[in-house]
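Got a structure for you, written out below as C-alpha cells; questions coming shortly.
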Amino acid sequence: MCKLAPGEAEHLISITDIERPLTAETPSALRRELHSALKDGSARWIGLSGISLDRPPQHRALCHTLTVFGLGGNLGLQRPGVVVLDWTNVETCGAEGFALFSVLVADLQARAVQVVVCGPARADIARVLDESGIRQAAESVTWVPGSTGGRTRITSLIPAAVFSLTAKDSLAVFCGSLARELEKFGTRKPVRQRVMGATQEALQNVITHSGATDCAAVAVLLGNKRSSVLQVGIADNGRGIPASITAHPRHAWLGMFHDASIAETAIHNALTRRSRAKNESVIEPKGGMGLMIQRLLCEGACRILLRSGAALISISSESPSLFQKVYLDYGVGTQVRFEISL
C-alpha cells in the first residue's frame with residue numbers, strides 16, 4: 001500500500017452525502033445508517049475474518065477486497081470515502097492480524113479515508129486491542145462497540161509497537177519488553193536468542209528494505225502459563241519481500257515466478273541485502289531473516305507464517321524443509337508470525 005500521491009485525489013469518492021458524525025451504536029444500526037453510501041460505493045464494509053494467516057481462503061478474500069476497493073496500491077481505482085473495518089465475525093486472531101489492523105487504519109487515514117471500526121464479539125480480542133494499545137493508537141477512528149463474550153483464548157503479552165520509518169522509538173521498548181517476558185517464562189537461553197534474533201531481523205528488514213509508511217509489531221500469548229504459545233506478529237504496508245528481491249538486477253530474473261516461489265527461494269537460500277562498499281547494495285546468501293527463520297525452526301515446537309505480496313508460506317519445525325505455499329492473486333504489504341511453544 002502507498003500514501004495518497006499527487007493526482008490521486010480525483011479517485012477518492014466524495015462522502016459529502018454521509019451524515020457526520022455517525023450516531024449508530026451497534027453494527028446493524030451502522031449498516032442501516034450507511035445504507036445509501038454502501039449502495040453507491042462511497043462507503044465500503046470490510047469484514048476482518050481473514051486478517052490473520054491461519055485461514056488462507058478468508059485471507060485471500062480480504063487481500064482481493066482491499067485491492068478491488070483501490071486500497072492495496074495506486075491502481076487508478078476509485079477509493080471509498082468511508083471504510084468500515086468489522087471485527088464482529090472474527091473468532092480468533094493471530095498477532096500478525098492485530099498488527100495488520102493497525103497498519104490498515106494508519107494507511108487508510110493517510111489516504112483521507114474516514115475509518116469506522118465495529119468492535120469484536122469476542123472479549124479476548126477486544127481485550128488485546130485495548131491492553132496492547134492498538135485501539136489507543138488508532139486516533140480519530142469511530143468505534144462501534146460489539147457485544148463481547150466467550151472464554152479467553154488469547155492475551156496481550158506486551159504493548160504493541162505502532163511505528164513508521166521516521167518514528168520508530170517504540171521498537172526498542174517492544175524488543176526490550178519481549179526479551180524480559182521470555183526470561184520471566186523461564187525460556188531456555190537458546191530459544192530466547194532465536195526468538196529475539198528472528199524478531200529483530202524482521203523489524204530491521206521492515207526499516208531497511210520495505211519502503212513502508214506504516215508498520216506494527218504485536219506479541220500475544222495463547223493458552224496459560226503452564227501450556228503457552230507465544231506469537232510475535234509484524235506487519236507493514238511496504239513493497240514486500242518478492243519485490244525487494246527482484247528489484248536488484250542480479251535477481252531480476254526471479255520476477256518471472258510467482259511471489260510464493262520468490263519468497264520460498266529467499267528464505268530457503270537465506271538471501272539478504274548487504275552493503276559491500278559505499279553506495280553499493282547487493283543480495284548475497286547466508287544472512288538476513290531467512291537464516292534467522294532457519295535457526296528458529298531448530299528450537300522446540302515452532303511454526304512460521306509469512307505473507308508477503310501475493311505469497312503465503314507456512315513452515316514448521318516438524319518439517320523445516322517443507323514450504324507449504326498458497327499462491328494468492330493479490331497481497332497488501334507483508335505479514336509474518338513467529339509462533340513457538342514456551
Side-chain angles (χ1 to χ4, degrees), residues 22 24-32 34 44-63 65-66 83-106 108 115-139 141-162 181 216-235 303 305 307 312 314 332 335-342:
L22 296 170
E25 296 183 356
T26 64
S28 57
L30 178 64
R31 194 177 284 275
R32 289 194 297 270
L34 290 175
R44 298 292 188 181
W45 195 288
I46 301 179
L48 299 179
S49 59
I51 200 163
S52 293
L53 303 179
D54 294 295
R55 306 167 71 188
Q58 287 82 356
H59 188 72
R60 179 194 296 272
L62 177 63
C63 290
T65 296
L66 293 172
V83 168
V84 179
L85 300 177
D86 186 6
W87 284 96
T88 305
N89 296 319
V90 180
E91 290 295 320
T92 186
C93 183
E96 81 290 353
F98 289 110
L100 180 60
F101 171 74
S102 292
V103 170
L104 281 176
V105 170
L108 289 169
V115 180
V116 183
V117 178
C118 290
R122 293 201 59 87
D124 54 353
I125 295 177
R127 194 175 301 115
V128 170
L129 289 170
D130 285 332
E131 294 179 356
S132 66
I134 292 173
R135 176 166 177 162
Q136 293 86 333
E139 299 176 356
V141 170
T142 301
W143 287 79
V144 177
S147 179
T148 55
R151 65 187 181 89
T152 299
R153 298 176 181 172
I154 184 170
T155 57
S156 176
L157 184 63
I158 57 176
V162 180
E181 288 298 322
V218 177
V220 298
L221 202 64
L222 283 69
N224 51 57
K225 289 192 175 182
R226 288 189 298 176
S227 177
S228 301
V229 174
L230 168 70
Q231 289 185 357
V232 178
I234 299 167
R303 183 169 69 133
L305 298 174
R307 202 268 309 136
L312 176 54
S314 174
V332 180
Q335 288 174 273
V336 62
R337 180 207 294 180
F338 304 125
E339 181 177 290
I340 188 163
S341 298
L342 298 179

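Nothing here was measured: the structure is a model prediction, and the numbers come from that model. Below, all heavy atoms of this structure are taken into account, side chains as well, without hydrogens, waters or symmetry copies. Sequential numbering from 1 along the given sequence is applied to the chain's residues.
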**Study point:** Heavy-atom side-chain proximity of Leu230 to Phe338 below 4.5 angstrom
**Key:** no
Check your understanding: Can you tell which of Leu108, Leu85, Val115 makes a side-chain contact (heavy atoms from CB on, under 4.5 Å) with Val141?
Key -> Val115
Review point. Where the side chain of Glu131 meets the backbone of Pro159, is there a donor-acceptor pair that is under 3.5 Å apart?
Key: no
**Study point:** Check: Ser49 main-chain N/O paired with Asn89 side-chain donor or acceptor under 3.5 Å
**Key:** no
**Study point:** Worked check of side-chain contact (heavy atoms from CB on, under 4.5 Å) between Val116 and Leu34
**Key:** CA-CA 11 Å; Val116 183; Leu34 290 175; 5.6 Å; no
Point to revise | Aromatic plane relationship, Trp143 with Phe101 - under 30° parallel, 30 to 60° tilted, over 60° perpendicular | key: perpendicular
**Study point:** Ala24 versus Val144, closest heavy-atom pair with distance
**Key:** O-CG2, 4.1 Å
Point to revise | Shortest non-hydrogen contact between Ile134 and Ala160, atoms and distance | key: CG1-CB, 4.0 Å
Exercise for review: With sequence neighbours left out, write down each residue that passes side chain to side chain donor-acceptor pair (under 3.5 Å) with Thr88, or none if nothing qualifies.
Suggested key: Asp86
Review point. What is the minimum heavy-atom distance between Trp45 and Cys118, and which atoms define it?
Key: CZ2-SG, 3.8 Å
Review point. So do Thr92 and Ser52 actually touch side chain to side chain, heavy atoms under 4.5 Å?
Key: no
Check your understanding: Going by the salt bridge (Lys or Arg N to Asp or Glu O under 4.0 Å) test, which pairs reach into residues 92-102, not counting sequence neighbours?
Key -> Glu96-Arg337
Exercise for review: Specify the closest pair of heavy atoms between Leu312 and Pro56, including all atoms of both residues, with the distance to one decimal.
Suggested key: CD2-CB, 3.9 Å
Check your understanding: Where do Arg135 and Asp130 come nearest, in terms of heavy atoms and distance?
Key -> CD-OD1, 3.2 Å
Review point. What distance do Leu104 atom CG and Leu62 atom CG have between them, rounded to the nearest 0.5 Å?
Key: 7.0 Å
Review point. So, do Ile154 and Cys93 sit near enough that their side-chain heavy atoms are less than 4.5 Å apart?
Key: no
Exercise for review: Measure the shortest side-chain to side-chain distance between Leu222 and Gln231 over non-hydrogen atoms and say whether it is less than 4.5 angstrom.
Suggested key: yes
Check your understanding: Just how far is it from atom OG of Ser314 to atom CZ of Arg303, taken to the nearest 0.5 Å?
Key -> 5.5 Å
Review point. Is a donor on one side and an acceptor on the other found under 3.5 Å between the side chain of Gln335 and the backbone of Ala99?
Key: no
Practice item. Considering non-hydrogen atoms only, spot the tightest contact between Ala235 and Val103 and give its length. Key: O-CG2, 3.5 Å
Practice item. Report yes if some heavy atom in the side chain of Leu342 is under 4.5 Å from a heavy atom in the side chain of Leu221; otherwise report no. Key: yes
Check your understanding: Out of curiosity, Gln58 CD to Leu53 CG, how far, rounded to the nearest 0.5 Å?
Key -> 12.0 Å
Point to revise | Contact check, side chains of Val229 and Glu339, non-hydrogen atoms, under 4.5 Å | key: yes
**Study point:** Euclidean distance, Ile125 CD1 relative to Ser156 OG, rounded to 0.5 Å
**Key:** 13.0 Å
